[in-house]
Amino acid sequence: MLITIDTLRADRLGSYGSTRGLTPSLDAFAREATRFAAAVSQVPLTLPSHATILTGLHPAHHGIRTNDGFRLTPTVPTLAESLKASGYGTAAFIGGYPLRGSSGLSRGFDRYDDEFLDAPGVTERSAGAVTQSATAWIEANRSQPFFVWIHLFDPHSPYVPPAPFAAAYRDAPYDGEVAYTDAIVGRFLDRLRQLNLFASAAIVVVADHGESLGDHGERTHGTFLYDATIRVPLLIKLPDRATTVRPAVDVPVETADLAPTIAMVAGGTLAPSDGRSLLPLIAGAAGDPDRPAYAESYYQNVLLGWSPLRAVRTGRWKLIEAPRSELYDLEQDPDELQNRLSERAALAAGLQRALTSLDGGARSAHDASAAATSESAERLRSLGYASGSAAPTAAGRAIDPKDRVAVWAEIEDGIDLTAHDPASAEQKFARALQLEPGNGLAMKYLADLRFRAGRRREARDLYGRAIAAGFRHPDAYVNLASIAEREGHLDEARAALLSAVRLTASDADAWNRLGLVEARRGDLEAARRAFAQAIAVAGDRAEPYYNLGVIERRAGHETAAQARLQEAIARNPTYAEAHYELGTGCLLARQPTCALDAYRAALASRPDYPEALFGAARAELDLGSRDDARRDYEHFVRVAPKEYQKQVDAARAALQQLRIKN
Ligand SMILES: [Zn+2]
């Protein structure tokens, strides 16, 4: 059983020295487990960190560097695959959007429970909902050995703990989320005890990263590699605990060690990994206090073009490699405030060599990156993450993230304010641009705000400036295209959408829009190709099938049109417009019964759909259902928009006729 608690700072647990009393359940569990005092996350970002936990590989080897625009390559072996091959039932229960199954992490799981993310705009669910789902699966599958991964997202921002934790932690909502999550973990472990599964289970509790909460000027996580975010709580309880188990391990370990550890507990093997099994340490082996545990962040490198950060952390020392590198003595200076680099040059040089041998060849993050899609960027923004990519700055002029942390702080505040207080968000992005005039990300976010406010000319200028500054994001092109389209510049819209799909060939929305623009330009062949691409990258989406149906009808291919519309409905049974178009086909073929069925289906999901009401009434007249026809014409007259005056007049005339005949 693997329980990952997102964004949980080690120093919030009583077993790690906290006196806040937030974690009675985890502290009780720690007394039955081995506690790792120096566990290091390889990257302080949700998706790449979990990819490391679930593969045993460092980010350079599994290829995922940030939360957006990366996908686990199908050739990378996963822990779940290996356990499944050894006969374990495998199931994952996800709490937050960054770990959506399309990230590739679902590979090897019989059940990957992330369907709650199918609802538009939803980004997380509560720990209570995750464990409820997991408990039901365990109860149904307990007769076979199983591997269950539970991801609890609550301590991640925004901090909105449920009652009664909201009131109890009004002034410290992050702590409230931690206390709530702890209570849920306690309830879940109790349930395992009731099911007689607790004692025989290996249970790992770990955080993917911590949270800075203002340390070093960082509010959340992802930018820096200080202990607030990369030193994580790690508790491991082995099955049927032997007496020789050690209560605490102080030597440094990596979250990359978890996959080989779990594989070994399960009696299986994992493909070669960057980690090593922790079982000898748990059994009492001394371990190496000078083992250099690896950490990196490419977040601001990908986003803003700033220098990447990489670090090694031993039991006592941490070297952070940056344009101005840092060395900290964690024993004397656990808050990492005094850079010892100049006094301990030889020590630092040794750590630098260790780092170089660990980093997997320091492939550029850009090589592995596939750009964000507009849909994922929007949901990640609501969790406080930025998306997009900047042109990397030449190594010699690389920007040290600690010199620009104020810029990032403004952008991060702006991201959080965007949905609820756009005026304040605008001030934050403007302030970031004052601090760093060439910041393409801030320009792009400002442009988004202007775009949403309908200030199209300003938005177009800002998107243009962001692109000229080297910033790349499909939204910028998609929104430029929609501005151009509204102004009637179809060629310009087409060029912008071609740039979007060149940047992210997997952006189904951009392909779909491109198809619509090609159709408006009258190039049905190009439209057909674009919709086919949208289907190729996201075959479960209904819109491109619908759009193909509409253009086949325009081209006079009625049979093909009907087939595409049926395919759209197969993917979205409540697709009102697709039902309506099908009905129109029936009417053209003089099949009023078929038409009426289709219009009724359209009206079932859109009761005031004017065109469907008008069509239904006509079909009903044809079929002699005079009362139904009268009802639908009357309904149509009530809801028809102004531009349907001609049809309203026709409906009134038909109603007149119906009354005369009565
Ligand atoms: Zn996370």
Side-chain angles (χ1 to χ4, degrees), residues 1-6 8 10 13-16 23-37 39 41 50 53-54 56 79-80 82-83 86 88-95 109 113 127-128 130-139 141-142 144-152 178 181-208 232-249 253 255 257-268 270 275 277-279 281-283:
M1 188 101 48
L2 170 66
I3 302 174
T4 59
I5 303 180
D6 215 288
L8 177 61
L13 280 75
S15 55
Y16 283 77
T23 58
S25 306
L26 287 169
D27 296 340
F29 175 71
R31 288 192 284 277
E32 302 186 63
T34 299
R35 182 180 66 87
F36 290 80
S41 165
H50 277 90
I53 293 170
L54 291 158
L79 172 65
S82 129
L83 294 174
S86 315
Y88 282 76
T90 51
F93 301 87
I94 300 309
F109 285 103
D113 179 350
V130 174
T131 53
Q132 193 180 12
S133 186
T135 305
W137 188 92
I138 289 168
E139 287 176 6
N141 293 276
R142 53 181 298 197
Q144 59 170 348
F146 59 79
F147 168 58
V148 163
W149 164 37
I150 291 170
H151 169 236
L152 307 178
V178 172
T181 307
D182 178 82
I184 295 294
V185 170
R187 200 187 301 163
F188 177 70
L189 296 179
D190 284 346
R191 184 71 192 131
L192 292 183
R193 284 192 186 87
Q194 287 165 8
L195 294 168
N196 271 324
L197 291 171
F198 183 85
S200 60
I203 302 177
V204 175
V205 177
V206 66
D208 60 343
V232 291
L234 169 61
L235 306 167
I236 301 180
K237 182 198 88 70
L238 294 182
D240 305 316
R241 195 178 159 179
T243 46
T244 53
V245 167
R246 176 198 264 177
V249 170
V253 300
T255 50
D257 299 336
L258 292 172
T261 305
I262 295 168
M264 193 160 276
V265 169
L270 191 70
S277 168
L278 299 173
L279 294 184
L281 289 176
I282 295 172

Open item on the list: Could you check whether any side-chain N or O of Arg142 sits under 3.5 Å from a backbone N or O of Leu195, counting only pairs where one atom can act as donor and the other as acceptor?
Closed with: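 Here the side-chain-to-backbone pair exists.
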
Mind checking what makes side-chain contact (heavy atoms from CB on, under 4.5 Å) contact with [X], not counting sequence neighbours?
{"X": "Ala202", "answer": "Pro239, Val265"}
{"X": "Ala201", "answer": "Ile203"}
{"X": "Ala10", "answer": "Tyr16, Arg231, Pro233"}
{"X": "Ala39", "answer": "Phe36, Val232, Leu234, Val253"}

Spacing of [atom1] belonging to [X] relative to [atom2] belonging to [Y], to within rounding of 0.5 Å:
{"X": "Leu13", "Y": "Asp182", "atom1": "CG", "atom2": "CG", "value": "7.5 Å"}
{"X": "Ile236", "Y": "Ile262", "atom1": "CD1", "atom2": "CD1", "value": "7.5 Å"}
{"X": "Thr4", "Y": "Leu54", "atom1": "OG1", "atom2": "CG", "value": "7.5 Å"}
{"X": "Ile138", "Y": "Ser133", "atom1": "CD1", "atom2": "OG", "value": "10.0 Å"}
{"X": "Thr135", "Y": "Ile150", "atom1": "OG1", "atom2": "CD1", "value": "6.5 Å"}
{"X": "Phe188", "Y": "Ser25", "atom1": "CZ", "atom2": "OG", "value": "13.0 Å"}

Task: Aromatic plane relationship, Phe109 with Phe147 - under 30° parallel, 30 to 60° tilted, over 60° perpendicular - done: parallel

TODO: Classify the angle between the aromatic ring planes of Trp149 and His50 as parallel (below 30°), tilted (30 to 60°) or perpendicular (above 60°).
DONE: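 Answer is tilted, since the angle falls between 30° and 60°.
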
List the residues meeting side chain to side chain donor-acceptor pair (under 3.5 Å) with [X], not counting sequence neighbours, and say none if there are none.
{"X": "Asn141", "value": "none"}
{"X": "Thr131", "value": "none"}
{"X": "Ser277", "value": "none"}
{"X": "Gln194", "value": "Arg191"}

Task: Residues Val185, Ile5; criterion side-chain contact (heavy atoms from CB on, under 4.5 Å); working and verdict - done: CA-CA 10 Å; Val185 170; Ile5 303 180; 4.2 Å; yes

TODO: Just do the side-chain contact (heavy atoms from CB on, under 4.5 Å) check on Tyr88 and Gln144 with the steps written out, would you?
DONE: CA-CA 7 Å; Tyr88 282 76; Gln144 59 170 348; over 6 Å; no

- [ ] May I have the step-by-step check of side-chain contact (heavy atoms from CB on, under 4.5 Å) for Leu279 and Thr261, ending in yes or no?
- [x] CA-CA 6 Å; Leu279 294 184; Thr261 305; 4.1 Å; yes

Can you name the nearest heavy-atom pair linking [X] to [Y], along with the distance?
{"X": "Val130", "Y": "Gly95", "value": "CG2-CA, 3.8 Å"}
{"X": "Leu235", "Y": "Ala33", "value": "CB-CB, 4.3 Å"}
{"X": "Thr34", "Y": "Arg246", "value": "OG1-O, 2.7 Å"}
{"X": "Phe198", "Y": "Lys237", "value": "O-NZ, 3.1 Å"}
{"X": "Gly275", "Y": "Pro260", "value": "C-CG, 3.8 Å"}

- [ ] Taking only Lys NZ, Arg NE, NH1 and NH2, and the carboxylate oxygens of Asp or Glu, determine whether Arg193 and Asp190 approach each other closer than 4.0 Å.
- [x]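 Between Asp190 and Arg193 there is a salt bridge, with a charged N closer than 4.0 Å to a carboxylate O.
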
Open item on the list: Run the salt bridge (charged side-chain N to carboxylate O under 4.0 Å, His left out) test against Asp113 and tell me which residues pass, sequence neighbours left out.
Closed with: Arg111, Arg125

- [ ] Give the C-alpha distance, both sets of side-chain angles, the deciding distance and a yes or no for side-chain hydrogen bond (donor to acceptor under 3.5 Å, both in side chains) between Thr23 and Asp27.
- [x] CA-CA 6 Å; Thr23 58; Asp27 296 340; 3.1 Å; yes

Task: Check against side-chain contact (heavy atoms from CB on, under 4.5 Å), Ile184 and Thr181 - done: CA-CA 5 Å; Ile184 295 294; Thr181 307; 5.6 Å; no

